[in-house]
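For reference, the structure is listed below as structure tokens.
Please read these numbers as outputs of a predicted model, since none were measured by experiment.
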Amino acid sequence: MKTSANARANGPAGPFYRRWIDRFAAIDDGNILRVAFFVMLAGTAAVLFVDYRELTASAVASPAMPLAPILPPALDGPDARPMPAITADPQVLRQPLQIELGSGGLLHLTGTIDPGAAGRFADEIAARGEYVTRVVLDSPGGSVGDALTMADLIHDRGLATQVEAGALCASSCPIIFAAGKTRRASPEAAIGVHQIYAATMAGAAPPGANATALAMSDAQSLTARIITGLSRSGVDPALWLHALETPPQRLYYLSPSEMLGLNLVTTMLQN
């Protein structure tokens, strides 16, 4: 192998090979690892969504809705964190997202992120002007598209986010939480992630379209938007690997050390 490489480097095309060898050698190891990480992430996302039809066979949902957004059990396994104690009423969490203004510039978002929640959220922010400074979350997740739109608005406005002790922020909710300029959470907060799926049903696909291919395309586009949102806030995109590895029927609950290590949380609240 070495003799072959030397022959190419010293032959007629030697300058070409030497130039590319020098360029490759000059690449920082960190950049190589980052490129490899994102290639692996994109590949993992594609594989995970190939079998989406098995998940959607008995469900009709809006695009990119989690399979079971309401309090799914923790991921099984010796290294998995059990579900922290959740004090919110499950019946309240099942209701469409409620948006309530509190004192001190707090805006409370409670319940499932239903399709259209992003529009109501934008209207509330527009109506309250500069009064709102922090968004307090207690949600099992829901529409990923709405969550991404809400995250964009939170980032653009420079709002802070918060998850309190006993509160839940699961599935697509961490996308919103991660958009905060500063992000505060209690060690007793239940922050969890799992896979999403693009519910592009065969009946809704254009004539002649491949429903599976469309679902994979949607899923990969959503994953790219999620990774972009995490990165712009300084959150380690490795966070989403936990989501990609966790079935929709389970949740991967982040430990306080993981929240801090991934820079998902900038300040850990004291109980």
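Side chains of Met259 and Val163 form no contact here, defined as non-hydrogen atoms less than 4.5 Å apart. Looking at Ile175 and Leu230, their side chains never come closer than 4.5 Å, going by heavy atoms from C-beta outward. Inter-residue side-chain proximity for Val193 and Leu251 is flagged as unmet; no heavy-atom pair is nearer than 4.5 Å. For the pair Leu148/Leu222, a side-chain contact is recorded, criterion being any heavy-atom separation below 4.5 Å from C-beta on. Contact annotation: the side chain of Met268 approaches that of Leu260 to within less than 4.5 Å [non-hydrogen atoms, C-beta and beyond]. Counting heavy atoms from C-beta on, the side chains of Val135 and His108 never come closer than 4.5 Å. Leu269 places a side-chain heavy atom less than 4.5 Å from the side chain of Gln162.
Here OG of Ser172 is found 8.5 Å from CD1 of Ile226. Values are rounded to the nearest 0.5 Å. Within the model, atoms CD1 of Ile99 and CZ of Phe121 stand 7.0 Å from one another, a figure rounded to the nearest 0.5 Å. In this structure, Leu159 CG and Ile176 CD1 are separated by 12.0 Å, a value rounded to the nearest 0.5 Å. Separation of atoms NE2 (His155) and CZ (Arg157) is listed at 14.0 Å; rounding is to 0.5 Å. The distance from the CG atom of Leu264 to the CZ atom of Phe177 is 5.0 Å, given to the nearest 0.5 Å. Expressed to the nearest 0.5 Å, how far OH of Tyr131 lies from CG of Leu106 amounts to 7.5 Å.
Between Arg120 and Asp114, at least one side-chain N (NZ, or NE/NH1/NH2) sits under 4.0 Å from a carboxylate O, which counts as a salt bridge. Residues Arg94 and Asp89 are not paired through a salt bridge, judged by the lack of any N-O separation under 4.0 Å between the basic side chain and the carboxylate.
With hydrogens and angles ignored, the 3.5 Å screen pairs no side-chain donor or acceptor of Asp146 with any backbone N or O of Ile113. Put simply, the side chain of His194 gets close to the backbone of Pro248: a donor and an acceptor are under 3.5 Å apart. Judged by distance alone, the side chain of Asp138 and the main-chain N or O of Ala167 form no donor-acceptor pair under 3.5 Å. Side-chain atoms of Thr87 come within 3.5 Å of backbone atoms of Gly166 as a donor-acceptor pair (strictly under, hydrogens ignored). In terms of modelled atom types and a separation under 3.5 Å, the side chain of Gln95 and the main chain of Gly111 share no donor-acceptor contact. Under the 3.5 Å distance criterion, the side-chain polar atoms of Asn263 are left unmatched by any main-chain donor or acceptor of Asp236. Using modelled atom types, no side-chain atom of Thr112 and backbone atom of Leu97 make a donor-acceptor pair closer than 3.5 Å.
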**Request:** Verify side chain to side chain contact (heavy atoms under 4.5 Å, CB included) between Thr161 and Arg134, making sure each step is shown before the conclusion.
**Result:** CA-CA 5 Å; Thr161 52; Arg134 188 180 303 277; 5.9 Å; no
**Message:** I'd like to know whether Leu109 forms a side chain to side chain contact (heavy atoms under 4.5 Å, CB included) with Met150, so could you lay out the CA-CA distance, the side-chain angles of the two residues, the decisive distance to 0.1 Å, and finally the verdict.
**Reply:** CA-CA 11 Å; Leu109 306 186; Met150 294 166 72; 3.6 Å; yes
**Request:** Just do the side chain to side chain contact (heavy atoms under 4.5 Å, CB included) check on Val265 and Leu254 with the steps written out, would you?
**Result:** CA-CA 11 Å; Val265 171; Leu254 297 161; over 6 Å; no
**Request:** Test side chain to side chain contact (heavy atoms under 4.5 Å, CB included) on Ser233 and Arg183 and set out the steps.
**Result:** CA-CA 10 Å; Ser233 297; Arg183 303 172 293 278; 3.9 Å; yes
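When all heavy atoms of Arg128 and Val132 are compared, the pair lying nearest together is CB-CG2, 3.8 Å. Contact record, Ser139 with Cys173: O-CB, 3.8 Å, taken as the closest heavy-atom pair. In this structure, Gly141 and Ser171 approach most closely via the heavy-atom pair CA-CB, 4.1 Å. Taking every heavy atom of both residues into account, Leu244 and Gln195 meet most closely at O-NE2, 3.0 Å. Minimum interatomic distance between Gly192 and Pro174 (heavy atoms only, all atoms of both residues): O-CG, 3.5 Å.
Transitive grouping of hydrophobic side chains (ILVMFWY, heavy atoms separated by less than 4.5 Å) keeps Val136 and Leu107 in distinct clusters. Linking Ile, Leu, Val, Met, Phe, Trp and Tyr residues whenever their side-chain heavy atoms come within less than 4.5 Å places Ile154 and Leu101 in a single cluster.
In this model, no donor atom of one side chain and acceptor atom of the other lie less than 3.5 Å apart for Glu258 and Tyr253.
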